[in-house]
Amino acid sequence: MPNWSTLRDDFPALHQQVNGKPLVYLDNAATTQRPRAVIDALSHFYERDNANVHRGLHALSMRATDAYEGARARVAQFLNAAASEEIIFTRGTTESINLVAASWGSAHLKAGDVILLTEMEHHSNLVPWQLIAQRTGAKLRYLPVTGDEGLLDLAQLDRVLTPEVKVFAFTHISNSLGTINPVAELCARAKKIGAITVIDGAQSIGHLPVDVRALGCDFYAFSGHKMGAVTGIGALYGRRALLDAMPPYQGGGGMISSVDFFESRWKPSPERFEAGTPNFGDAVTLTAACDYLDALGRDRIARHDSELGRLAYEKLSVLPGIRLLGPKTGPRGGLVSFAFADVHAHDIVTFADEDGIALRGGHHCNQPLMRKLGLTGTTRASFYVYNTPEEIDVLVASLRRILKFFSGS
Ligand code: 7TS
């Protein structure tokens, strides 16, 4: 049973030195570390249960199928979905959003329609919509971001959310600003004009309690590797009625009810959207990750991450010449993004690595937002359950050393 006081012991990768210093892992928005329970779940599956799912009548295939479908039920419960059939396994957030854009978009979008996004979207919630817009003739429109404070400009919502909008897709938590968006309100506003909503949950899934029915969204996309599960597995939640009316995204084995030489008929969701051998081995790690996070308590995780985000913002704000992005007050996720006029983000990341600190520097797949803010990129420190206030002090001391070096003093 995980326990907050011994939490770091659950994550083997944290216990190492980097460049002779204890690792300070602050790149959790890119990927989190995995708890032992997740690594064990993966080994256990391959050591005992490995066989292809939904095909065999032998014991291992049945165990593997139970583990795979068990993971689906666990994810449905984790998100408070109405049914397991509303969970489609994918490679992660990117594939989930591509699935909605390609499948729902090809069936419903046409010239004259509008796809509404926000200026803070990750390329994963931007490029798939550009692709379907090009194919269907629908137009893209953006809800603006206020500036460095990184809030959605809700005063503009009525102007952009017009009846031509058929889909409104937005991130729950910004990966480069730390903003927590009022997603339930955005869903309610979209519903009023009959638009469907897609939430990019890459940065919220492991950090906040997520209840898709309370949020009122139509789709919610996430990646397992950002919540302690392994890479290569994630999911798309979709409302049953919408999924049942969507065409397949890919064709192949497992998704058909019957096939003729010239045409085929599809199974309902979720099989319809899971052509080919699914990633059953990695799916079992979602069960272990959901169990781990629920045992810690997702409200408590949210408080912990948000407190670290705020503390980091405060402690970094005294550094000379720092430009901090994201909300100054109000809800903030567990990450902080910053820039210095005279020191490139890549230099900061490289120098911090000498102190054992893992950061990320660059545009964070938010190029249009960075351009709007007049930046080429930022340095980002992002936190998770195992990070501590002391690690923020290590970060601040390292940044002081780096600034001193670059100022030549
Ligand atoms: N959406 C958001 C908001 C993200 O932060 C990311 C990944 C994705 C989508 C894509 O997730 P994937 O698992 O399909 O790749 N964000 C980051 C990041 O901030 N640094 O590395 C990956």
Side-chain angles (χ1 to χ4, degrees), residues 93 96-147 149-177 179-204 208 210-221 236-239 241-243 245-246 326-327 330-331 366 368-369 371-373:
T93 312
S96 295
I97 297 172
N98 273 279
L99 194 166
V100 181
S103 170
W104 181 90
S106 67
H108 294 94
L109 293 173
K110 56 181 186 329
D113 290 342
V114 171
I115 299 164
L116 182 61
L117 306 173
T118 85
E119 287 180 346
M120 66 169 76
E121 297 315 309
H122 186 280
H123 296 168
S124 290
N125 198 26
L126 216 159
V127 184
W129 298 111
Q130 291 178 346
L131 292 172
I132 196 67
Q134 280 158 15
R135 270 192 264 149
T136 59
K139 292 265 176 303
L140 296 168
R141 188 184 285 167
Y142 289 89
L143 177 64
V145 167
T146 53
E149 221 175 317
L151 300 173
L152 291 177
D153 190 351
L154 296 178
Q156 307 278 335
L157 197 55
D158 279 337
R159 183 181 61 78
V160 293
L161 197 56
T162 57
E164 300 79 53
V165 174
K166 294 292 177 284
V167 48
F168 185 15
F170 42 83
T171 192
H172 198 167
I173 301 184
S174 159
N175 68 314
S176 59
L177 300 163
T179 317
I180 303 178
N181 288 321
V183 287
E185 183 187 340
L186 298 180
C187 291
R189 295 283 288 271
K191 206 176 206 165
K192 274 198 185 141
I193 60 139
I196 65 146
T197 46
V198 182
I199 300 182
D200 173 345
Q203 297 297 341
S204 59
L208 292 176
V210 174
D211 178 334
V212 287
R213 281 188 280 174
L215 294 178
C217 60
D218 292 302
F219 294 98
Y220 178 94
L236 173 71
Y237 156 79
R239 261 200 316 117
L242 288 170
L243 290 175
M246 278 161 54
N366 286 121
L369 176 69
R371 230 170 266 130
K372 170 179 166 129
L373 298 177

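Heads up: numbering here begins at 1 and tracks the sequence.
Residues T93 and H122 form no side-chain contact, since every pair of their non-hydrogen atoms from C-beta on lies 4.5 Å or further apart. Looking at V160 and Y142, their side chains never come closer than 4.5 Å, going by heavy atoms from C-beta outward. For the pair T179 and L152, the minimum side-chain heavy-atom distance is 4.5 Å or more. In this structure, I193 and T162 have side chains that are not in contact, with every pair of non-hydrogen atoms separated by 4.5 Å or more. With contacts defined as side-chain heavy-atom distances shorter than 4.5 Å, the pair L109/I115 qualifies.
The two residues H123 and P128 make their nearest non-hydrogen contact at O-CD, 3.6 Å. Taking both residues in full, the closest heavy atoms of G147 and L373 are given as C-CD2, 3.6 Å, listed atom of the first, atom of the second, then distance. The two residues A214 and A184 come nearest to each other via the heavy atoms O-CB, 4.5 Å. Pairing each heavy atom of A101 with each of I132, the nearest pair is O-CG1, 3.3 Å. Of all heavy-atom pairs between T171 and N181, the closest is O-ND2, 2.8 Å. When every heavy atom of T197 is checked against every heavy atom of L186, the shortest pair comes out as CG2-O, 4.4 Å.
One finds the CG atom of L143 at 6.5 Å from the OG1 atom of T118 (value rounded to the nearest 0.5 Å). Between atom CD of residue Q156 and atom CG of residue L161 there is a gap of 12.5 Å, rounded to the nearest 0.5 Å. Considering CG of L117 and CZ of R141, their distance stands at 11.0 Å, rounded to 0.5 Å. Taking CG of L151 as the start and CD1 of I180 as the end, the distance is 11.5 Å to the nearest 0.5 Å. One distance of note links CD of E119 with CZ of R371; it measures 12.5 Å at 0.5 Å rounding. For the atom pair CG of N366 and CG of L126, the computed distance is 9.0 Å after rounding to the nearest 0.5 Å.
The local environment of NZ in K372 is crowded, with over 12 non-hydrogen atoms from other residues, nucleotides or ligands closer than 6.0 Å.
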Test side-chain contact (heavy atoms from CB on, under 4.5 Å) applied to H108 and I196, step by step = CA-CA 11 Å; H108 294 94; I196 65 146; over 6 Å; no
Just do the side-chain contact (heavy atoms from CB on, under 4.5 Å) check on V100 and V167 with the steps written out, would you?
-> CA-CA 10 Å; V100 181; V167 48; 5.9 Å; no
Where do S96 and V198 land on the side-chain contact (heavy atoms from CB on, under 4.5 Å) test, with the steps shown first?
-> CA-CA 10 Å; S96 295; V198 182; over 6 Å; no
Can you list the steps and then say if F219 with L242 is a side-chain contact (heavy atoms from CB on, under 4.5 Å)?
-> CA-CA 9 Å; F219 294 98; L242 288 170; 3.9 Å; yes
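Classification of the F170-F168 ring pair by plane angle, with boundaries at 30° and 60°, yields perpendicular.
At least one donor-acceptor pair under 3.5 Å links the side chain of K166 to the backbone N or O of P163.
Ion pair R189/D158 flagged as a salt bridge, since at least one NZ, NE, NH1 or NH2 atom sits closer than 4.0 Å to an Asp/Glu carboxylate oxygen.
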